[in-house]
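In what follows, a single structure is set out as C-alpha cells and then discussed.
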Amino acid sequence: MSLSTSQEVKQTFHLVALRNESEVLLTGRQWERRNALVERCDQARDKENALFTERLHTRVAIEQKKLIDKAGSKPKEHKPVWGQDDLFDKSASLAQADKNVRSAHEQRISRINNYEEHGLAALMQSARRENKIQGKSVLSFNQTSDRRLGGERSIRNFRKQSRNQER
C-alpha cells in the first residue's frame, strides 16, 4: 500500500522538522544518541538504495517467476482445449513484477523513515523531560543562593518594603 502524495509530503516534513528540532534542543549525550540514530538510518537508506539499483533486474525476474507460478497453479477448468482461454501475458506479468518490486522498496524505505521518526520523537520527549527538570533545579538553586552579606540583603528588603508602603 503506497501513500498518497500529501501523506508522503506530510511524513517527510515531519521527519525533517524533528531532525531540525533535535539539532537545536539536544545537549551532550542526547546529541550523541541523536547522531547515532540518524547515522544508522542514513546508512540503512543508502544500503537499501544501493541494493535496489544493483539487484533490480534480479528481483524483477524472481517476482515475475513467482507471479507465473501463482498463475499456473490455478485449478483446472473442465473445458475442452479449444474452449479454454490462455490469459498469460508476459508483458503484463513483467509490469506487475516491476510494480511489486518497486512497492516493496518503497515500503522498506518507509519503515526506515518510521523507525527514525519514532526514535527521534522518543528522544525529544525524554530530552524535554530531562531539560525541564534541569531547568527547575537551576532556577531553584539560583533563587536560594544569594551570596551577598546579611546587611546588603536586609537593605534591599527594607527598600522593597518602603516602596510598597508608599504606594
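Note: hydrogens, waters and symmetry copies are ignored here, and every other heavy atom, side chains too, is used. Residues take their numbers from the sequence shown, with the count starting at 1.
Screening R34, R40, R45 against E116 for a salt bridge (charged side-chain N to carboxylate O under 4.0 Å, His left out) leaves a single residue, R45.
Residues N49 and I109 are in side-chain contact: their nearest non-hydrogen atoms beyond the backbone lie under 4.5 Å apart. In this structure the side chain of E63 never reaches within 4.5 angstrom of the side chain of S93, judged on heavy atoms. Looking only at side-chain heavy atoms (C-beta outward), L37 and L123 stay at 4.5 Å or farther from each other. At a threshold of 4.5 Å between non-hydrogen side-chain atoms, the residues V60 and N100 do not count as touching.
I68 and V101 fall into different hydrophobic clusters, defined by Ile, Leu, Val, Met, Phe, Trp and Tyr side-chain heavy atoms under 4.5 Å apart, directly or through other members.
The CG atom of L51 sits 11.0 Å away from the OG1 atom of T58 when rounded to the nearest 0.5 Å. A distance of 14.0 Å separates NZ in K99 from CG in L94, rounded to the nearest 0.5 Å. Rounding to the nearest 0.5 Å gives a distance of 12.0 Å between CD of Q30 and CG of N35. Rounding to the nearest 0.5 Å gives a distance of 12.0 Å between CG of L67 and CD1 of I62. Between atom CD of residue E48 and atom CD of residue Q107 there is a gap of 11.0 Å, rounded to the nearest 0.5 Å. The SG atom of C41 lies 10.0 Å from the CG atom of N114; values are rounded to the nearest 0.5 Å.
Residues R59 and F52 approach most closely at NH1-CA, 3.9 Å, considering heavy atoms. Scanning all heavy atoms of the two residues, the minimum distance from L120 to R19 falls at CD1-CG, 3.8 Å.
Residues N113 and E117 have side chains that never bring a donor and an acceptor to within less than 3.5 angstrom of each other.
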